Amino acid sequence: MSEHVSVELLKAFLDAFNRHDLDAIMTYFADECVFYMPRGASPRGDRYVGKDEVRAGLAKRFVGIPDVHYGEDQH
């Protein structure tokens with residue numbers, strides 16, 4: 001993935017989330033990524049380290065909230 005962030009890149013990232021397309025979402029993450037969910041067991045939310053954990057955490061979120069949709073994006 002390019003290190004240049006553009007509006008098109010951000011919209012594609014959001015679109016992947018709204019389609020719940022884990023394969024597409026994970027192309028935006030580095031192997032050594034760290035991702036915090038807004039909610040979880042700790043005050044800062046659930047923390048996932050590495051692509052495998054992030055993917056599993058996102059899959060769990062999509063199962064738990066099957067109609068989750070991120071909208072009203074402004075970039």
Side-chain angles (χ1 to χ4, degrees):
M1 186 179 87
S2 170
E3 290 185 25
H4 176 74
V5 178
S6 64
V7 171
E8 292 78 20
L9 184 137
L10 294 171
K11 287 186 178 289
F13 183 58
L14 181 65
D15 180 60
F17 265 90
N18 284 334
R19 289 183 285 119
H20 300 187
D21 185 341
L22 289 169
D23 290 333
I25 292 167
M26 296 314 300
T27 65
Y28 294 92
F29 286 86
D31 290 335
E32 65 282 353
C33 61
V34 176
F35 187 78
Y36 288 92
M37 288 289 187
R39 293 191 176 142
S42 69
R44 195 173 190 182
D46 288 335
R47 180 178 187 256
Y48 301 101
V49 179
K51 285 180 109 169
D52 290 340
E53 282 189 20
V54 171
R55 184 185 183 96
L58 290 171
K60 181 179 168 183
R61 182 167 184 90
F62 293 150
V63 167
I65 310 172
D67 60 346
V68 66
H69 179 85
Y70 304 93
E72 299 184 33
D73 59 310
Q74 294 182 2
H75 307 293

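In this text, all values refer to a predicted model and were calculated from it rather than measured experimentally.
- Scanning for side-chain contact (heavy atoms from CB on, under 4.5 Å) contacts around Lys51 gives Met26, Phe29, Asp31, Cys33, with sequence neighbours left out.
- Annotation: side-chain hydrogen bond (donor to acceptor under 3.5 Å, both in side chains) contacts of Asp21 (sequence neighbours excluded): Arg19.
- Asp67 pairs by the salt bridge (Lys or Arg N to Asp or Glu O under 4.0 Å) definition with nothing, not counting sequence neighbours.
- Here the NZ-CD1 distance, from Lys60 to Ile65, works out to 11.0 Å after rounding to the nearest 0.5 Å.
- Every residue was checked against the salt bridge (Lys or Arg N to Asp or Glu O under 4.0 Å) condition with Asp46, not counting sequence neighbours, and none meets it.
- With sequence neighbours excluded, no residue forms a salt bridge (Lys or Arg N to Asp or Glu O under 4.0 Å) with Arg61.
- Leu58 approaches Met37 most closely through the heavy-atom pair CD2-CE, 3.5 Å.
- Side chain of Asn18 to backbone of Tyr70: a donor-acceptor contact under 3.5 angstrom is found.
- Looking at heavy atoms from C-beta onward, Arg55 lies out of side-chain contact with Ile25 at the 4.5 angstrom threshold.
- Hydrophobic clustering, defined by side-chain heavy atoms of Ile, Leu, Val, Met, Phe, Trp and Tyr closer than 4.5 Å, leaves Val63 isolated from every other such residue.
- By the side-chain contact (heavy atoms from CB on, under 4.5 Å) test, Arg47 pairs with Val34, Tyr36, Val49, sequence neighbours left out.
- Classified by interplanar angle (parallel below 30°, tilted 30° to 60°, perpendicular above 60°), the ring pair Phe17/Phe62 is perpendicular.
- Residues Leu22 and Ala59 share a closest heavy-atom pair of CD1-CB, 3.7 Å.
- For Ala12, the side-chain contact (heavy atoms from CB on, under 4.5 Å) partners two or more places apart in sequence, or in a different chain, are Tyr28.
- Applying the side-chain contact (heavy atoms from CB on, under 4.5 Å) criterion to Ser42, with sequence neighbours excluded, gives Arg44.
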